[in-house]
Structure formats: structure tokens, C-alpha cells
Participant: 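Handing you this structure, nothing more for now.
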Amino acid sequence: MTDAPPPVLVLIDRAAAGGPPRAPGETGWRAVDPSEHTIHVTDLGVTRGDGIFEGLGVSNGSIQALEPHLARLARSAALLDLPELDLDVIRAACLESARLHEPAPLLLQKLVVTRGIEGGDGTPTAWVRTELMPDHDAERLHGIRVVSLDRGYRHDVAQTSPWLLQGAKTLSYAVNKSVLREAARRGADDVLFVSSDGYALEGPSASLIARLDGVYVTPRTDQGILEGTTQAAAFEVLRSLGHEVAEVLLPMDEVRRADALWLVSSGRLVAPLSSLDGEPVTVDAEVTRQLADALVDRRV
Ligand SMILES: Cc1ncc(COP(=O)(O)O)c(C=O)c1O
């Protein structure tokens, strides 16, 4: 067995826009030893989960959907009243982190920006770490068993209660991890969040795509859910194959009559559902393969 290549860690010292001009040659980021202890114990990302992140796929050295990920990071920063970010510095750090990794077909990057240390001057702590992408071939091939779980908010929570930060990709993922343990207790692999008034939303780390009457639909993102970069890319692929796509309000009884369902994300690309709440769902192996191939090969 060969050892996995080491991860690459790039610290981003100048993630916030503004501040004193950078000295000539100063990049605003630096590659460090990934085993180094770099986070302060009073960092608000650690003590409060107060920060934001992105998970980016890297396919044959090229970062997938880098610009949509950076745009979503900036939207999350605005929702959390974090300082405006210097996306040029952050982009360069991501590219360098990918470049420094030993070549591999698929890598995963985690880009994190926190509010900085407690009682500090508000300078964000930020880094991007690149590692091998875990293998998800079995899920793509055989599908995943999903249970629907109530998220406890109405579908209009983002409009009625924006302070709940639904729709921002925050570091507070304890709930997103807890629901996976609940899924496991119910004999399932993953979760579909449902609004308290019965609309399908998203998975804890993925967007939902359903095929209904031949149309590929995804829940509208004004319901306090993330704008999925993989969902957007998947819709481009489906459109190019001649399929109709739409963003909709999706009541759960519509989901239950869909003839195929997928959870899509940067980290796993595409996973067809093999069951929903214990009811079998047909895996469309052909469309899943078309989507997986196109998502791996995309260059944007
Ligand atoms: C809650 C949530 N929804 C959707 C997604 C899918 O987003 P993307 O396709 O950009 O990875 C993620 C990704 O981690 C997520 O955490």
C-alpha cells in the first residue's frame, strides 16, 4: 500500500480587503507545514463556530467552479457582517494550495475564514487546505439511502429571520453532523432537510435534484439554502443534453413521486438516491454517469 500524499496548507494572512498596501512581493498568503499548530485556542471559529467556509473540488489540477465558490464565500461574509474579503488574495492562495499538492485526479480543498481571535482587532483567520478527495465511487454506483428530517424553520426563514443565517455557509455545522448520526440510527446514509411547512430543502452538505415528469428540478435558493455550485454545473450539463431544468418550491409529496433523485456537492459530485424514508427510489445509472463524467471533466 502506498502512503497518501501529505495535505497542503496555505495560511491567508491578508484575507480582508483594505488595510495597509502590500509590500512588493508580499502575496498575503504563505504555505506552511500542514502539521504545524496554527490556530489560536481563542479563535472565534473554534470557540463559537463563528466563520464561513467553502469546500472545493480539484479535478486534474484545476479547481472546479472557483469563481462561484468565491462569490458564495463573499455572500456568506456579508451575511455574517465579516470584513469585506480580498478575493484576489484568496483566489491566489487556493490556486497555490492546489498547485503545491502532489498531482492526483481528484482533490478536495477546504477554504475557511473565521472572525479571528476573541478580543482581537477583527482580522480574520483564514486558510486553505488541500488533500485527496475521499473515494465515493460506491455511492455513485449503488446510490444512497436518505431520510427526510424536519429542519424546524419555515421555507421563508431567510426573509422572516435573516439573523438565523440560513443560506450562509457558516462553520456551525454541528447540526449538519448531528443529522447524519440520526440518519445512521434510522439505517440511512444521508439526509434531506424539510422545512417545517413541508418543502424539500437540501442535504446537510449537498443540493437536491429531482426528476419530475421529465423535468429536472431543484429547490429554489430563496428558502434559506445554499446556492449549490455543483447543482448549477449539473443543470448546465443537463441543459446541454437537451433536458429541461427549473428551480421550484418543492413540496415533499412531489419529491416522493419523483422518478429519480440525486444529492450533488463538490465533495461527492453526484449521488443518486436508492431510497427515501425507506421507500425504494430507482437509480438512473445512465444519467448519473453522464453527470459524474461531465462534473469531473469540467474546466470552469
Ligand atoms: C448545506 C449545503 N448545501 C449544499 C451544498 C452543495 O454545495 P456545492 O455544490 O457548492 O458543494 C453544500 C456543500 O457543502 C452544503 O454544505
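Just so it is clear, the model here is predicted, and its values are computed rather than measured. Atoms within each ligand, like the ligands themselves, are counted from 1 in listed order. Note that the numbering runs from 1 along the sequence shown for the chain.
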Participant: With the threshold set at 4.0 Å, does a side-chain nitrogen-carboxylate oxygen contact exist between Glu26 and Arg14?
Facilitator: yes
Participant: Counting N and O atoms only, with roles assigned by atom type, does the side chain of Ser196 sit under 3.5 Å from a partner on the main chain of Arg154, one being a donor and the other an acceptor?
Facilitator: yes
Participant: Under a 4.0 angstrom heavy-atom cut-off, which atoms of ligand 1 come close to Pro204?
Facilitator: 1 (C), 16 (O)
Participant: In the protein, which heavy atom is nearest to atom 16 (O) of ligand 1, and how far is it?
Facilitator: Tyr173 OH, 2.6 Å
Participant: Among all protein heavy atoms, pick the one closest to atom 10 (O) of ligand 1 and tell me residue, atom and distance.
Facilitator: Thr229 OG1, 2.6 Å
Participant: Which atom names give the shortest non-hydrogen contact between Pro134 and Leu108, and what distance separates them?
Facilitator: CD-CD2, 4.1 Å
Participant: Under a 4.0 angstrom heavy-atom cut-off, which atoms of ligand 1 come close to Arg72?
Facilitator: 7 (O), 8 (P), 10 (O)
Participant: Regarding atom 5 (C) of ligand 1: of the candidates Ala233, Ala206, Gly55, which has the closest heavy atom?
Facilitator: Ala206
Participant: Whether Arg256 and Asp253 form a salt bridge (side-chain N of Lys/Arg under 4.0 Å from carboxylate O of Asp/Glu) is what I want to check.
Facilitator: no
Participant: Please identify which atoms of ligand 1 are closer than 4.0 Å to at least one heavy atom of Gly228.
Facilitator: 7 (O), 9 (O), 10 (O)
Participant: In plain terms, say whether Asp13 and Arg30 are close enough for a salt bridge, that is, a side-chain N and a carboxylate O under 4.0 Å apart.
Facilitator: yes
Participant: Out of Gln166, Glu202, Lys169, His69, whose heavy atom sits nearest atom 13 (C) of ligand 1?
Facilitator: Lys169
Participant: Polar-atom distance check: Ser266 versus ligand 1, any N or O pair below 3.5 Å?
Facilitator: yes
Participant: For atom 15 (C) of ligand 1, which of Ser205, Gly57, Gly203 has the closest heavy atom?
Facilitator: Ser205
Participant: For atom 9 (O) of ligand 1, find the nearest protein heavy atom and state the residue, atom name and distance (0.1 Å precision).
Facilitator: Thr230 OG1, 2.6 Å
Participant: Identify whether the distance between the nearest side-chain nitrogen and carboxylate oxygen of Glu54 and Lys169 falls below 4.0 Å.
Facilitator: no
Participant: Should the ring pair His155 and Tyr199 be called parallel, tilted or perpendicular, given that the plane angle runs from 0 to 90° and is split at 30 and 60?
Facilitator: tilted
